[in-house]
Trainee: 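What follows is a structure written as structure tokens; I'll ask about it next.
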Amino acid sequence: MSATTDEIAPDLFRLSVYVPDFDMQFNHFLVRDEAPLLFHTGLRSMFPVLREAVASLIDPATLRYISWSHFESDECGALNDWLAIAPDAEPVCTLVGKLVSVDDFSQRPARGMTADDVLETGKYRFRFHHSPHIPHGWDASVMFEETRKTLFCSDLFHHFGNPEALTSSDLIGRTTDAMQRLNSGPLSGYMPYTRRTAGVLNSLAELKPETLAVMHGSSYAGQCDDLLGDLAEVIRENF
Ligand SMILES: [Fe+2]
Ligand SMILES: [Fe+2]
């Protein structure tokens, strides 16, 4: 197992681990700033390679914030491993995540973010946009960096394979293929379509993101609002 590191936007590094058994990338994002932030801890089994990848960019002991979308092993499984090597690191998740799962699991209490809270790391400002059950999980959110307009969108736009780090090609075709593949197998039901789904995705489109930091597959650079609008239809048709 190894990690591939790419700077997909200034100070934004994508640390990618491809797992052939799943034909799938697991991507983790390091924001290099005065107070460094890691989004997605990775699975516990990935911690050694991710620690090495982070160490090629910053001293891992200086990590200040560790964050994710929803409580699942690929999102936050290695949280306690990171907390053990970074004494000032603070877990950051939604208030629901903190109250329902994280504070019982984590070695240190989390900062539970509401829609009004802003996390500043120096140059960059992060806000959580609560998105219950989108992509899945009551505690789910996506994180938006307001300075450079990057949306850390977790499992949204999930696609398979080991593609390029960053693309400006339409992600909808790839995402549709992945949703169809997932829904025809034992992992069906990956993303519920609820009466909130289109509204939440449209409100994310109104943020006019310019980069999508995608957990499984290529990240995207370009105008993202149309993609987010189209994604609601893909989820509705497949789930
Ligand atoms: Fe997930
Ligand atoms: Fe995921």
Side-chain angles (χ1 to χ4, degrees), residues 1 3-4 8 14-30 37-47 49-50 53 66-79 81-82 91-94 96-98 100-102 105-106 110 113 128-144 150-163 165 171 174-183 185-194 196-197 200-201 204 211-220 228 231-232 234-235 238-239:
M1 190 182 288
T4 304
I8 59 168
R14 175 188 184 266
L15 317 174
S16 182
V17 177
Y18 176 66
V19 178
D21 285 352
F22 301 152
D23 185 28
M24 189 165 141
Q25 292 175 337
F26 291 80
N27 300 317
H28 318 81
F29 297 94
L30 178 72
L37 179 150
L38 179 67
F39 195 76
H40 300 151
T41 71
L43 301 165
R44 290 170 59 209
S45 60
M46 291 180 183
F47 177 68
V49 296
L50 290 172
I66 299 173
S67 192
W68 61 90
S69 161
H70 51 278
F71 193 77
E72 272 183 349
S73 291
D74 60 350
E75 298 270 349
C76 61
L79 173 63
D81 298 283
W82 290 107
V92 182
C93 59
T94 59
V96 173
K98 169 186 171 68
V100 171
S101 300
V102 176
F105 164 81
S106 174
M113 301 284 281
F128 276 62
H129 290 262
H130 291 196
S131 55
H133 307 292
I134 305 166
H136 38 239
W138 179 22
D139 60 323
S141 67
V142 292
M143 189 177 74
F144 186 60
T150 300
L151 187 67
F152 295 78
C153 55
S154 177
D155 298 321
L156 298 177
F157 297 102
H158 175 143
H159 49 283
F160 286 103
N162 192 16
L171 288 183
R174 299 183 194 188
T175 302
T176 303
D177 290 347
M179 297 297 104
Q180 289 172 349
R181 185 165 149 186
L182 277 162
N183 217 19
L187 301 179
S188 64
Y190 181 42
M191 284 185 202
Y193 184 83
T194 76
R196 290 185 179 184
T197 303
V200 167
L201 292 173
L204 296 176
T211 303
L212 297 173
V214 173
M215 187 183 212
H216 307 290
S218 298
S219 289
Y220 179 83
L228 285 157
L231 182 62
V234 173
I235 298 172
N238 289 284
F239 293 109

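Each ligand, and each atom within it, is numbered from 1 in the order the structure gives. Because the structure is predicted, anything quoted here is derived from the model rather than measured.
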Trainee: Indicate yes or no: at least one non-hydrogen side-chain atom of M46 is less than 4.5 angstrom from one of D74.
Mentor: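 A side-chain contact is absent here, since even the closest heavy-atom pair is not under 4.5 Å.
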
Trainee: Could you report the tightest heavy-atom contact between V234 and T176, atom names first, then the distance?
Mentor: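 Smallest heavy-atom distance, with atoms named: CG2-OG1, 3.6 Å.
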
Trainee: Where the Fe ion (ligand 2) is the corner point, what angle links OD2 of D74 with NE2 of H216, to 10°?
Mentor: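 It is 90°, given to the nearest 10°.
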
Trainee: Quick one: angle M215 SD - the Fe ion (ligand 2) - D155 OD1, to the nearest 10°?
Mentor: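 Value returned, to the nearest 10°, is 90°.
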
Trainee: Of all N, O or S atoms in E72, which has the smallest distance to the Fe ion (ligand 1)?
Mentor: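 Relative to the Fe ion (ligand 1), the closest nitrogen, oxygen or sulfur of E72 carries the name OE1.
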
Trainee: Does any non-hydrogen side-chain atom of H159 lie less than 4.5 Å from one of S218?
Mentor: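 The answer is yes; the side chains approach within 4.5 Å.
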
Trainee: Is it the case that D155 and H216 place a side-chain donor and acceptor less than 3.5 Å from each other?
Mentor: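 Yes.
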
